[in-house]
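Here is how names work: the chains are called A, B, and so on, in the same order as the sequence lines, proteins then strands, and each is numbered from 1.
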Number of protein chains: 2
Amino acid sequence: MPNSAPLLPASLTIDNITSNVHAINSTCTSPRLKFLLERLVTHLHDFTRETRLSTSEWTSAIQFLTAVGQICSPVRQEFILLSDILGLSLLVDSIDHPKPAASTEGTVLGPFHTHDAPTYAANGATISHDEDGEPMLVACTVRDTRGNPIPGVKVDVWETDSKGFYDVQHADRAGPDGRAVVASDEHGEFHFKAIVPVPYPIPNDGPVGQLLEKLGRHPYRPSHFHFMFEKAGFDPLITALYVRGSPYERSDAVFGVKESLIVDLGLWGCGGVERYGVGRETKLMKYDFVLVGRRRSGVEASEGGGGAGGHEGEGEAEGIMVVDGMLVPDVD
Amino acid sequence: MPNSAPLLPASLTIDNITSNVHAINSTCTSPRLKFLLERLVTHLHDFTRETRLSTSEWTSAIQFLTAVGQICSPVRQEFILLSDILGLSLLVDSIDHPKPAASTEGTVLGPFHTHDAPTYAANGATISHDEDGEPMLVACTVRDTRGNPIPGVKVDVWETDSKGFYDVQHADRAGPDGRAVVASDEHGEFHFKAIVPVPYPIPNDGPVGQLLEKLGRHPYRPSHFHFMFEKAGFDPLITALYVRGSPYERSDAVFGVKESLIVDLGLWGCGGVERYGVGRETKLMKYDFVLVGRRRSGVEASEGGGGAGGHEGEGEAEGIMVVDGMLVPDVD
């Protein structure tokens, strides 16, 4: 043999192919990748056997995945969309970011986050310039699970315009709008001027939209506002707030709604004129976010200064160990 | 609610997401698609829970699949390659084309079949024009499972050049070479002049090649020659013949080798000069192919004239029924 690959049997069959793919992959030196591939191949093959997948269905799947890949661009991620509508994104986030009861839950990132949002160091910025939008003040706090305010948290926020489109969905996009990077102040507070988000269909002119149609599903998301929190020493939080009573609140195409993230939009009234300089008809989105100190096990690291390297000290669940920062089964 | 979608619970969690994705997909009117999606989502979610897939691993997977899609072109199908190296292509073919013991086994199509091969109506054509290739005569028969010759079978054939590349892999490809469409004659025979195939790496300059490298796997296929048979009334056969003793015979990167498809290359000697007009040093690839009459159950339809519509009369395996030409479980 020209190399040390494990030898396959003389013939591969429906019954022996799976174990032999495992055997060929067994030379992989990364225990985590080997484990992932072994489980992936097992599920993929079991699915194929259980469904007696036909060649024409396989061909359709190849064509579908190719179309999903080919429509991706710097401003469109159709594979994330596919993951979203299959409930996979929600599941991965739930697994990877378990939250102690007192902390804010995460939800799907979605495909519309960008890295070119303007940064506003001070509170009070106007982040949406859509004149047709209904004015809304977002005024929130960020605290740790003990209730202490966290200053200096980087807060990435983004929302649709009044027609239900993100800036990147406009072919003539001149620059970012409806998005910003703000920061919590010394009291753990941040506020900015935006517009009331509206329900919208996820991009449904591509292969994922075609799949939804074949499944008899609508492509809509209820009204929501995206938030992403980042600060050394804390578990990053990707989440969103949902407007109570929005259509599609109970049939979100990407399974992102969580009860704890649904908010009532209030009116600030006269107080807003004085404190935030907004009109009395301005809607208010208010929320107290709670971040978790950086330890996967849910036990917070000391939040003074040394928390950033917390991954090294990750707790280990039963039957699982950490190698190179990855969870692997400890049977290997 | 703006439509009749099933209602989701107020919060989706690790434990209830799967059944709720099924519920949302339950409005699908195609029982087969509904069944496929249900099994797919179940396996995808089980995989994710079992491996406790992290967000960064999910991101890597999204990036990998996107790269696989984006490198696809009219002459490169990286998703087929991915399916091949995971043993999926072999498995689907084995499931979809069960062969009675007496018939020829199928194997992977691979990514190099094209639709522009020249057609040669008469036997004896030269299909490879690579002067560095070692001359080889391919002389075969096609019969049904009762041993009767089958005339007029369309036989698509393709192979590498002497360097291990298919014509489509050359950036300066002027037209097809090393490929042809021939036909069996009134005796069920076909023969043509080619070259001895050589081992070669599957295209490994893309994401699938990178995955193989991470897995510690080589990208090579043993020497082989592709055949695809088509005639109304018979199950189409996609297969290949493998040259015995070729390197990688027992570690084929795409799991395509089957014992019944491995052949010894003989020398035709003097007989070849008279019968086929080839030199006595010309290698001979000889094989008797056996096609199955068109009934999935393996019971051949009458092979006179009425076999072409055979899909309507497909046999039904236990627990499985046929709806719109698709196999679905009869529990639905």
A side-chain contact here means heavy atoms from C-beta on lying under 4.5 Å apart; do A:Trp58 and B:Ile80 qualify? yes

Can you give me the closest heavy-atom contact between B:Pro6 and A:Ser251, atom names plus distance? O-CB, 4.2 Å

Heavy-atom distance under 4.5 Å to chain A: side chain of B:Leu37, backbone, both or neither? side chain

Got B:Leu36 and A:Leu53 here, is their nearest side-chain heavy-atom distance under 4.5 Å? yes

Show your reasoning for whether side chain to side chain contact (heavy atoms under 4.5 Å, CB included) applies to A:Ile95 and B:Ile14. CA-CA 7 Å; A:Ile95 289 169; B:Ile14 294 176; 3.9 Å; yes

For B:Val21 and A:Ile85, run side chain to side chain contact (heavy atoms under 4.5 Å, CB included): C-alpha distance rounded to whole Å, both residues' side-chain angles, the deciding distance at 0.1 Å, then the answer. CA-CA 8 Å; B:Val21 175; A:Ile85 67 137; over 6 Å; no

Those residues at least two apart in sequence (or on a different chain) that pass side chain to side chain donor-acceptor pair (under 3.5 Å) with A:His43 are B:His43, B:Glu50

Under 4.5 Å to a heavy atom of chain A? For B:Asp46 that would be both

Given heavy-atom pairs under 4.5 angstrom as the criterion, report whether the side chain, backbone, both or neither of B:Pro9 touches chain A. backbone

Region of B:Gln63 in contact with chain A, defined by heavy-atom distances below 4.5 Å: neither

Do B:Val92 and A:Glu57 have side chains that get closer than 4.5 Å, going by heavy atoms? no

Looking at A:Leu7, is its backbone amide N or carbonyl O close enough to the side chain of B:Arg250 to form a donor-acceptor pair, meaning the two atoms are under 3.5 Å apart? no

Name all residues meeting the side chain to side chain donor-acceptor pair (under 3.5 Å) criterion together with A:Glu38; count only those two or more places apart in sequence or in a different chain, and write none if there are none. none

Report which part of B:Ile17 has an atom under 4.5 Å of a heavy atom belonging to chain A: side chain, backbone, both, or neither. side chain

Between B:Thr48 and chain A, with a heavy-atom cut-off of 4.5 Å, which part of the residue counts as in contact: side chain, backbone, both or neither? both

So, do B:Ser94 and A:Thr13 sit near enough that their side-chain heavy atoms are less than 4.5 Å apart? no

Might you work through the side chain to side chain contact (heavy atoms under 4.5 Å, CB included) test for A:Lys214 and B:Cys28, ending with a clear yes or no? CA-CA 7 Å; A:Lys214 279 187 185 151; B:Cys28 178; 5.9 Å; no

Under 4.5 Å from any heavy atom of chain A - which part of B:Val41: side chain

Among B:Leu215, B:Leu44, B:Leu211, which has the most heavy-atom pairs under 4.5 Å with chain A? B:Leu215

When you measure from the side chain of B:Glu259 to the backbone N and O of A:Ala10, does any donor-acceptor pair fall under 3.5 Å? no

Side chain, backbone, both or neither: which part of B:Leu90 has a heavy atom under 4.5 Å from chain A? side chain

